[in-house]
Amino acid sequence: MVAKILCVAEKPSIAKAVANHLAGSTVPASNVSGIRWLKNYEFDFSFGQPWGHCSVTMTSVAGHLDRLEFDERYRKWNSCDPGSLFDAPVSNIIDKDKQPIARNIKQQARYAKALFIWTDCDREGEHIGSEIRKLAQEANPRIEVKRARFSNIEKAHVLNAARQPIDLDELQANAVAARIELDLRIGASFTRLQTLSLQPLGEELQGLTISYGSCQFPTLGFVVDRYFRVKSFKPEKHWRIEMIHQREGKKVNFRWDRVHLFDRMAATILFERCLAARTAKVVKVQTKPTNKWRPLPLTTVELQKMGSRFLGMDSQRVMKIAEDLYTKGFISYPRTETDQFDRAIDLKKLCEKQKNDPSWGQYASGLCEGGFRTPRAGKNNDRAHPPIHPVIHVTRDKLSPEERKVYEFVVRRFLACCSEDAKGNITTVEVEYGSEIFSSSGLVVLERNYLDVYPYDKWESSSQLPQYSAGEKFVPNEANLVQGKTTPPGYLTEPELIALMDANGIGTDATMAEHIAKIKERQYVMVQARSGGPILPDDDAEEDRGATQRRSRGASSRRGRGASQNGGGSSRTQRSGLQEFIPSTLGVALIQGYDDVGFEVSLSKPFLRKEVSWVK
DNA sequence: GCAAGGTC
């Protein structure tokens, strides 16, 4: 008799894709009673030894099945001292809406020889695998359990994974079990303690849930930390030498190599040497090619950052839309840390699918006709999902306005990844004036390449430098000692917060947006549109030019480092319209309160959480 | 009325 093997994936889309690959053709889906979107796929497949030719049922769960909860008598908020939640009995239950999924696995496991677990190859996937195993073994104690190791759903890779199964990683599964229990006990006990003891302190606190969470607090901590850095900022005076030369009707503003000095006397002495020298000497004129690199393949974190920067949506909204697009089959899985495409994915074919779009179709055609370049590879690979990319072409009328924005971004980003870098020439003129070196540069963009399809990056030719030749001397038209001062940082913006959470291991790509939404909902932080004010970390701001200055306005546009690779571009345009986070009195008080308690490890800082969720 | 992590 043919052996039966049960395969269970983490989500329906993987079950479907894997089933079709293993079967070699589209497998009909059969319904599972009690749950509309769950399907079973039945087909034959030859696993390697010892299983051989088998009859397979492929199905899935939808994330975790189990939920950890306190026993009945601890559930009411006033039923116990919050501290007792640290050792109150807890148990795993399966929510009612997940019961049909569990029932399906048990039914299918009953007559199966083996269970193959196809959950994502990450820590949570390992734990979900252990939940599936527990169910299967309840129905069939003798079932053999294996795990497929796969990092994408490309056919050859999937077939390979099916034939070389490994074992579940118990250590990782256990680490997640510990994480779940800690989060529940600490979250529930601190939340009850805070809410019950703080609410009576003020009218404004009535009815508020004053929650504590191992991720929400470090998230809030970042906002509060920045707030205090802005508040306690003391401007420092500095001085710089400005030198302007006019030639061919153009005003050339030379930058001082030292940028500025905080010592007035030193700056003055250097400035006087410049004046004493009278003439400046051109020491180097150099024109060299420069590139602006195309973007890296798209990760979740990057999608969220770009969303709040360019699409006018907060990170939670962007993720919601991206998930909808994924569910409809328009884009790939939107929760990924991977910024490198696997060789096995046919990227050209994906470009081809975009050929008929009225906006970027022509550009996509260009890629198909020779413009295609293999994308750059970033440093991250979660071995579970490819970078976010469009799966099929979708016409405008099938999308809501917000869906359209996110889909368009995903497509343009993908096409940009598959393009050539932008190319230009940068000319730098370096002069010696007194004892000091000054320089100025001009950029000519020669080939826009990926920029044509990716308007989110800016790289434009600057005004051109007049001719200079090495060795020549000239008398500057103006030389000034300019006093400026350092400017405070801005309040934290959403892309900055996401970057901090990412770098410090707070939350996962799937949950960072939720934590941000949570601290807003709890009224720990407020959001305001960034407008004017001391935003730009640019020493041109807030200059006090004093009485001696003759410098004309409008000549300062040459300050930018036109050729910086991967640079963020001018911050002024990118930052306008951005939201920034200001902590509420409550938010500040909570963070300060915890810091004042002086735990060995600060709960407002990310270090403890990072240790809990650290992988290897 | 609590957490964070999956996913539909």
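Below, chain A is the first sequence line, B the second, and so on; all start at residue 1.
- Within the 4.0 angstrom heavy-atom criterion, no nucleotide atom of any strand lies near A/P82.
- Taking side-chain N and O atoms only, A/S214 has no distance below 4.0 Å to OP1 or OP2 of B/dA3.
- At whole-Å resolution of the value, CD1 in A/I186 and P in B/dG5 are 13 Å apart.
- Panel note: side chain A/Q304, backbone A/S315; no donor-acceptor pair is recorded below 3.5 Å.
- Closest to the A/E124 side chain, of the nucleotides B/dC2, B/dG5, B/dA3, is B/dG5.
- The pair A/E126-A/R147 meets the salt-bridge criterion, with a side-chain N (NZ, NE, NH1 or NH2) lying under 4.0 Å from an Asp/Glu carboxylate O.
- Nucleic acid contact class of A/T195 (heavy atoms, under 4.0 Å, all strands): base.
- A close approach under 4.0 Å does not occur between any side-chain nitrogen or oxygen of A/S211 and OP1 or OP2 of B/dG1.
- Between B/dC8, B/dA3, B/dT7, one nucleotide has an atom nearer to the side chain of A/A62 than all others, and that is B/dC8.
- Atom NZ in A/K518 sits roughly 7 Å away from atom P in B/dA4 (whole-Å rounding).
- One can place NZ of A/K96 at 22 Å from P of B/dC8, the figure rounded to the nearest angstrom.
- With its ring centre under 5.5 Å from that of the base six-membered ring and a plane angle below 30°, A/W77 counts as stacked on B/dG1.
- Atom-to-atom, CH2 of A/W37 to P of B/dC8 comes out at 7 Å; the value is rounded to the nearest Å.
- Nucleotides of DNA chain B nearest to A/D509 and A/I210 differ in position, and the one nearer the 5' end is that of A/I210.
- Backbone-only engagement by A/Y212 is indicated by non-hydrogen atom pairs under 4.0 Å involving sugar-phosphate atoms exclusively.
- A/Q199 comes within 4.0 angstrom of a nucleotide base, judged by non-hydrogen atoms across all strands.
- Residue A/Y326 places no side-chain N or O under 4.0 Å from the OP1 or OP2 atom of B/dT7.
- Atom CZ of A/F217 and atom P of B/dC2 are 15 Å apart (whole Å).
- At a threshold of 4.0 angstrom between heavy atoms, the contacts of A/L65 with the nucleic acid are absent.
- For B/dA4, the OP1/OP2 oxygens have a side-chain nitrogen or oxygen of A/Q216 closer than 4.0 Å.
- Using a 4.0 Å heavy-atom criterion, one finds that A/D120 contacts the sugar-phosphate atoms exclusively.
- A/R36 comes within 4.0 angstrom of no nucleic acid atom, judged by non-hydrogen atoms across all strands.
- Listed pair A/H515 / B/dG5 meets the phosphate criterion, a side-chain N or O lying under 4.0 Å from OP1 or OP2.
- In the set B/dC2, B/dG1, B/dT7, B/dG1 carries the atom at the smallest distance from any side-chain atom of A/L196.
- Regarding A/K11, its NZ atom lies at a distance of 16 Å from the P atom of B/dG5, rounded to whole Å.
- Side-chain N/O atoms of A/R522 include one lying less than 4.0 angstrom from OP1 or OP2 on B/dA3.
- Nearest-nucleotide assignment on DNA chain B puts the 5′-proximal partner with A/L208, out of A/E10 and A/L208.
- Here the C1' atom of nucleotide B/dG5 and the CD atom of A/E131 are 10 Å apart, to the nearest Å.
- Taking the side-chain contact (heavy atoms from CB on, under 4.5 Å) definition, one finds that A/P200 meets it with nothing, sequence neighbours left out.
- Contact check, A/R179 against B/dG5: no side-chain N or O comes under 4.0 Å of OP1 or OP2.
- Here the C1' atom of nucleotide B/dA3 and the NE2 atom of A/H64 are 13 Å apart, to the nearest Å.
- Residue-environment remark: NZ (A/K16) stays at or below the threshold of 12 foreign heavy atoms within 6.0 Å.
- Among the heavy atoms of the strands, none lies under 4.0 Å from A/G125.
- By the 4.0 Å N-to-carboxylate-O rule, A/E323 lies too far from A/K320 to be salt-bridged with it.
- The structure places CZ of A/R412 at 14.5 Å from CG of A/L298, a figure rounded to the nearest 0.5 Å.
- The side-chain contact (heavy atoms from CB on, under 4.5 Å) check on A/S130 picks up A/H127, A/R133, A/L168, A/A173, with sequence neighbours excluded.
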